[in-house]
2 protein chains.
Amino acid sequence: MVRSLTDEQVLRALMRHPRLTRAELATETGISKPTAGESVRRLSEAGLVVDTGERTPGGRGMGRVGSYYSLAPDVGTALAVSIAPEGVVAEYINAYGDSIARAEAGVGRPARPDDVAEALGRAVAEFSFPVRFAVVSAADPVDRHTGRLRQLPDAPFLLGEIDPVAVLGERVDGPVLVDNDVNWAAEAERKAAPLDDFAYVFLDEGLGCAIVSDGEVRRGHHGLSGEVAHLITEGPGGRAMPLIEVFGELGLRRPGTTAIDVERLLDTRPPEVVTAVGGLIAALATLIDPELVVIGGRWGTPLLGALADETDQQPRPVRLQAAAVQQEPSLAGARAEALDRLRSQIIGP
Amino acid sequence: MVRSLTDEQVLRALMRHPRLTRAELATETGISKPTAGESVRRLSEAGLVVDTGERTPGGRGMGRVGSYYSLAPDVGTALAVSIAPEGVVAEYINAYGDSIARAEAGVGRPARPDDVAEALGRAVAEFSFPVRFAVVSAADPVDRHTGRLRQLPDAPFLLGEIDPVAVLGERVDGPVLVDNDVNWAAEAERKAAPLDDFAYVFLDEGLGCAIVSDGEVRRGHHGLSGEVAHLITEGPGGRAMPLIEVFGELGLRRPGTTAIDVERLLDTRPPEVVTAVGGLIAALATLIDPELVVIGGRWGTPLLGALADETDQQPRPVRLQAAAVQQEPSLAGARAEALDRLRSQIIGP
DNA sequence: CCTTCTAGGCAAGGGGCCTGACTAGAATGG
DNA sequence: CCATTCTAGTCAGGCCCCTTGCCTAGAAGG
């Protein structure tokens, strides 16, 4: 849409500051005044920038009044959506990074696919902004290419096989980007504390893990990296078994579902669980070599101390830490990504 | 050294073709003739490009003869080195990607650190080109920041704690880049068959594994990703234990060393080994989600079929394949990297 | 010695940026 | 009412780097 480097700088300046005069744009970007003026002219013509009608105050010897320019109100918004067993949250954000609207919708328990899809539709329908695209966080494995949720054999599967791309496609002009909630939480963590190499282990009803290598979340070929239910670890009695089976053997899975029974786990805190998760952290240490393993989730955080004691004994110890972003971490990550992409899309190729 | 985009294009063209006239440069790069001529003038002045003295043939109506230009002979060479228990290989390459000299030096068995360092010095001393930098492959864990080899507790350690940066530093003008042999083999594999997400499992005297995610080898924070000796897997009797211990329990480690006894392993081919490596592949499948797992190494390739049968049964099966690059794979990867870096360094920042 | 034909160079032009100088224009104070 | 004050915005000129179009260089064959 826009090709000149100057125009990009002007747009980025207007994303940081809601209104600027041409002279302010010139000093802010380091571009000369004539060039900034020319860029504003081009961008106004393209409809990306508008004269707000506001003028600089003027006053005793304050010189000629200037016109304030800002991004056109219709440059578009993006949608950040979180789909979790607790419910669906949809947030609309603008190019400044403001959340301009928010809608929530509950999901019955246990979550049924139709329920979830319906709640998603309800949350998004509550407002109707022109949305350029959506970023979706879902609390289940996500196929990287189709954006659909995928059930893996005998692994926790909380939302059912829904297709966020299909549900949101009608209400969104552009593409719909779907990914696993833990990946988005790791993205939020990465932006909060800029570490290049870490893993995020999320221990809740589901088991999740995200991997950040060389400063980016690594999703793997199908987008299923970090789906650790079948990782071989040490189970009760020193037997080797897939991680998820440990919870089955200890009676810590909610009957009739694939979910882990968090309340019971927190009541009993069996050492076998700590050992089993220790095996996961050892696998991360050997395969990924993270600087840090971030622990989150409803039972991960409470067990952090015990896990740290366990991993300190291992031949390749690794530092454990609670997540820095505690408030809606997945939505925060999705929101940050939506903002980045919205801005890039406005600036164009 | 060179900043203009034009100059970069001209240099890259001269790296692809050993000699070109200004007119050929213009058509090859898509740049106009005057600009190409100007670039040649700048680059000649900077000493990067020289008039070879050769002239185009001319002939019946063949027009004015042109002057051939090529990279200056002293733009520099790079060194690709492989350090393995079998011996040391040093290859000098020029900016065209030709191997211009090669030296080998044996290492006694078992390899002692002094031996290895001495062989390395010998191999490199055999020629003396002006070397801009070196890329080193070492058959042991490499610390990403220091370039030193690192022994991990109870893991195979074949070369001893040598410091390639110190040994090569004197003979090389620029930096010395050291990495694990399996990472370089994966790099060679990546260039041969452009896959974005795969893992390379190397089963030989040492155990190694390289991870390619989103088209790059991922080394982890310390450079120790893929050092899988302590991964928890299924050992004899279904017991959970670190991968390396399986070999100890089965009497497959060479007495007095940390290495695996490949001959004995190939004689007996115990199913426990297949199961244990199956656990490694399962861990890769869950944590990394590769499109493919490449199997290499002296006992990896022969056991490929058995391993494939094992992984087919797993809840997240993954395709196994023998390595495409069989001839000195680590050196091939180091060579390719050396070429890329040499070229970038000539072109400048 | 003329013809043939391409390598290389020159001239002019254009895009996008700069600097420096000029103009616009509103509020204030006499 | 008009001069003053002061900055926003614009105009003019110039630089850099690229382009196209055209001209010259120059070797070999007829």
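Sequence lines set the chain letters: A, B, ... in the order given, protein chains first and strands last, and positions in each chain run from 1. It should be emphasised that the depicted structure is a prediction, and the values quoted were computed from it without experimental measurement.
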message: From CD of A/Glu38 over to C1' of D/dA8, roughly how many Å is that when rounded to an integer?
response: 16 Å
- line: Residues at least two apart in sequence or cross-chain that pass ring pair (Phe, Tyr, Trp, His ring centres under 6.0 Å) with A/Tyr92, listed by chain then number, are A/Phe127, A/Phe129
message: As a quick check of understanding, evaluate side-chain contact (heavy atoms from CB on, under 4.5 Å) for B/Val165 and B/Thr146, giving each step before the final call.
response: CA-CA 8 Å; B/Val165 179; B/Thr146 65; over 6 Å; no
- prompt: Can you list the residues that meet the ring pair (Phe, Tyr, Trp, His ring centres under 6.0 Å) rule with B/Tyr96, with sequence neighbours excluded?
  reply: none
query: Any Lys/Arg nitrogen of A/Glu45 or A/Arg42 sitting under 4.0 Å from an Asp/Glu carboxylate oxygen of the other?
result: no
- request: Round to the nearest Å and state the distance from B/Asp51 atom CG to C/dA7 atom P.
  value: 15 Å
Full working for side-chain contact (heavy atoms from CB on, under 4.5 Å) between A/Arg55 and A/Ser67: CA-CA 5 Å; A/Arg55 298 292 177 259; A/Ser67 307; 3.4 Å; yes
query: Backbone N or O of A/Gly66 within a donor-acceptor pair of the A/Thr56 side chain at under 3.5 Å?
result: yes
Could you list the protein-to-nucleotides 13-15 of chain C atom pairs, N/O on both sides, closer than 3.5 Å?
none

task: Would you mind listing every salt bridge (charged side-chain N to carboxylate O under 4.0 Å, His left out) that reaches into residues 166-180 of chain A, with sequence neighbours excluded?
output: A/Asp179-A/Arg219
- prompt: Looking at residues at least two apart in the chain, or sitting in another chain, which of them share a ring pair (Phe, Tyr, Trp, His ring centres under 6.0 Å) with A/His221?
  reply: A/His145
- prompt: Rounding to a whole Å, what distance do you find between B/Leu20:CG and C/dT6:C1'?
  reply: 16 Å
task: Between protein and nucleotides 9-14 of chain D, map the contacts as a letter string: B base, S sugar-phosphate only, - none, heavy atoms under 4.0 Å, written 5' to 3'.
output: BBB---
Side-chain N or O of B/Ser32 closer than 4.0 Å to phosphate OP1/OP2 of D/dC18: no
